[in-house]
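Ligands are counted one by one from 1 in listed order, and the atoms in each one are counted from 1 as well.
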Amino acid sequence: MKPKKALIAGATGLVGNELLHILLEAQEYATVTAIVRRPLSIQHPKLNEVIIDFDHLEEYSEHMAVDDVFCCLGTTIKKAKTKAAMKKIDADYPLALAKLTQKLGATHFLLISSMNANPHSKIWYSQMKGKLEEELETVPFETISILHPSLLLGQRNEFRLGEKIGASIFQALSFLFTGPLLKLKAIEGRQVAKSMYSIAQINKQGVMIYPSDYLQNRITT
Ligand SMILES: NC(=O)c1ccc[n+]([C@@H]2O[C@H](COP(=O)([O-])OP(=O)(O)OC[C@H]3O[C@@H](n4cnc5c(N)ncnc54)[C@H](OP(=O)(O)O)[C@@H]3O)[C@@H](O)[C@H]2O)c1
């Protein structure tokens with residue numbers, strides 16, 4: 001098979017950074033373009049690092065003609081400060097990236113969304129993620145893969161109190177999360193990244209939603 005070109009957004013984040021290293025070592029990809037707003041501080045012969053202003057994506061179109069697009073962007077309300085600012089990063093940037101890369105020839109768009117994404121949810125965060133999914137599904141990619149991880153575990157450079165408490169509870173009670181409850185169990189960012197890479201190699205067309213238990217169990221190499 002002809003080696004593919006990958007593009008990753010969010011490569012400095014918990015999942016994105018794990019994924020970046022997987023993609024750089026993967027034989028399926030000849031090049032990996034990382035669009036970032038600050039330097040990655042790594043070098044690799046396959047890496048094309050492009051520092052961009054996400055408000056003006058189209059100005060970087062020359063770097064965006066790829067096959068598979070991996071979107072790991074996101075923030076927290078604490079960092080973003082307002083819902084509007086958070087929506088811009090979590091929803092508007094991913095949608096703009098999808099529309100642009102599809103126009104430039106990408107065939108597969110992979111998005112990290114969230115377990116409870118639902119456009120009709122009364123919870124603002126879940127509704128925002130659900131509405132993004134609805135809009136993304138109208139972009140005519142051959143394949144759209146939407147990942148629904150539960151609480152993410154992993155080393156962060158910042159302190160997130162809510163997630164720390166959640167992670168401790170999940171870890172203490174992890175024996176409870178089996179069978180149908182597995183999709184609620186907290187998941188390592190690295191496992192999500194491995195599954196995302198592996199899902200990109202599945203040859204299916206249409207919109208696919210991958211719940212967290214699938215991501216936990218996906219056999220990855
Ligand atoms: N946390 C959880 O438990 C959880 C659970 C389920 C789903 N999710 C979702 O999973 C996705 C990935 O989560 P994560 O924890 O891996 O994310 P993360 O560690 O917070 O990383 C987010 C990425 O988005 C980038 N980003 C943030 N603000 C930006 C901006 N204004 N312009 C450009 N890039 C920006 C960050 O770049 P910088 O490094 O430059 O800031 C970083 O690369 C997110 O959509 C999140 O909502 C999270």
Test side chain to side chain donor-acceptor pair (under 3.5 Å) applied to K4 and Q201, H108, E28, the passing residue: Q201
Test item: S150 side-chain N/O and K185 main-chain N/O as donor-acceptor pair under 3.5 Å: yes
Contact check, S113 vs ligand 1, heavy-atom distance below 4.0 Å: yes
Distance-only N or O hit between ligand 1 and K79, under 3.5 Å: no
N or O pair under 3.5 Å between T75 and ligand 1: no
Proximal atoms of ligand 1 relative to C72 (non-hydrogen, under 4.0 Å): 12 (C), 22 (C), 23 (C)
Protein contact to atom 27 (C) of ligand 1 [nearest heavy atom, distance to 0.1 Å]: G74 O, 3.3 Å
Residue D53 excluded, over 12 heavy atoms near CG under 6.0 Å: yes
Under 3.5 Å: N/O of Y125 near N/O of ligand 1: yes
E142 side-chain N/O to Q205 backbone N/O, donor-acceptor pair under 3.5 Å: no
Ligand 1 to G16 polar contact by distance, N or O atoms, under 3.5 Å: no
Within 6.0 angstrom of Q155 CD, more than 12 heavy atoms from elsewhere: no
Nearest protein heavy atom with distance in Å, relative to atom 1 (N) of ligand 1: E163 OE2, 2.9 Å
F54, any N or O under 3.5 Å of ligand 1 N or O: no
Close side-chain approach of S121 to N116, heavy-atom, < 4.5 Å: no
Under 4.0 Å to a heavy atom of G10 - the qualifying atoms of ligand 1, by number: 23 (C), 43 (O)
Over 12 non-hydrogen atoms of neighbours within 6.0 angstrom of NZ in K46: yes
Enumerated ligand 1 atoms positioned under 4.0 Å from heavy atoms of R38: 38 (P), 39 (O), 40 (O)
Protein heavy atom at shortest distance from atom 13 (O) of ligand 1: L152 CD1, 3.6 Å
Greater than 12 external heavy atoms within 6.0 Å of I123's CD1: no
Nearest-contact summary for atom 15 (O) of ligand 1 - protein heavy atom, Å: R156 NH2, 2.6 Å
Within reach of ligand 1, part of N17 (heavy-atom separation under 4.0 Å): neither
Shortest protein contact, atom 20 (O) of ligand 1 (heavy atom only): R160 NH2, 2.9 Å
Minimum side-chain heavy-atom gap L111-I144 below 4.5 Å: no
Sidechain-backbone polar pair: Q191 side chain, L215 backbone, donor-acceptor under 3.5 Å: yes
Which of the ligand 1 atoms, numbered from 1, are nearer than 4.0 Å to a heavy atom of T12: 36 (C), 37 (O), 38 (P), 39 (O), 40 (O), 42 (C), 43 (O)
Flag side-chain contact, heavy atom, 4.5 Å: H148 against S212: no
Atoms of ligand 1 close to L14 [distance to a heavy atom under 4.0 angstrom, numbered from 1]: 15 (O), 16 (O), 18 (P), 19 (O)
For L151, atoms of ligand 1 separated by under 4.0 Å from a heavy atom: 3 (O)
Residue K129 vicinity, atoms of ligand 1 by number, heavy atom under 4.0 Å: 44 (C), 45 (O), 46 (C), 47 (O)
For L73, atoms of ligand 1 separated by under 4.0 Å from a heavy atom: 11 (C), 24 (O), 25 (C), 34 (N), 44 (C), 45 (O)
Ligand 1 N/O within reach of P149 N/O, cut-off under 3.5 Å: no
Polar side-chain atom of D90 near backbone of T75 as donor-acceptor pair, under 3.5 Å: yes
Sub-4.5 Å side-chain heavy-atom contact between H44 and L20: no
Heavy atom of the protein closest to atom 21 (O) of ligand 1 (residue, atom name, distance): G13 CA, 3.2 Å
Which residue and heavy atom of the protein sit nearest atom 32 (N) of ligand 1, plus the separation: R37 CD, 3.5 Å
For atom 16 (O) of ligand 1, closest protein heavy-atom neighbour: V15 N, 2.9 Å
Option from V69, V139, D68 for which side-chain contact (heavy atoms from CB on, under 4.5 Å) with F109 holds: V69
Donor-acceptor contact present, side-chain N17 to main-chain A11, <3.5 Å: yes
Sub-4.0 Å heavy-atom approach of P94 to ligand 1: no
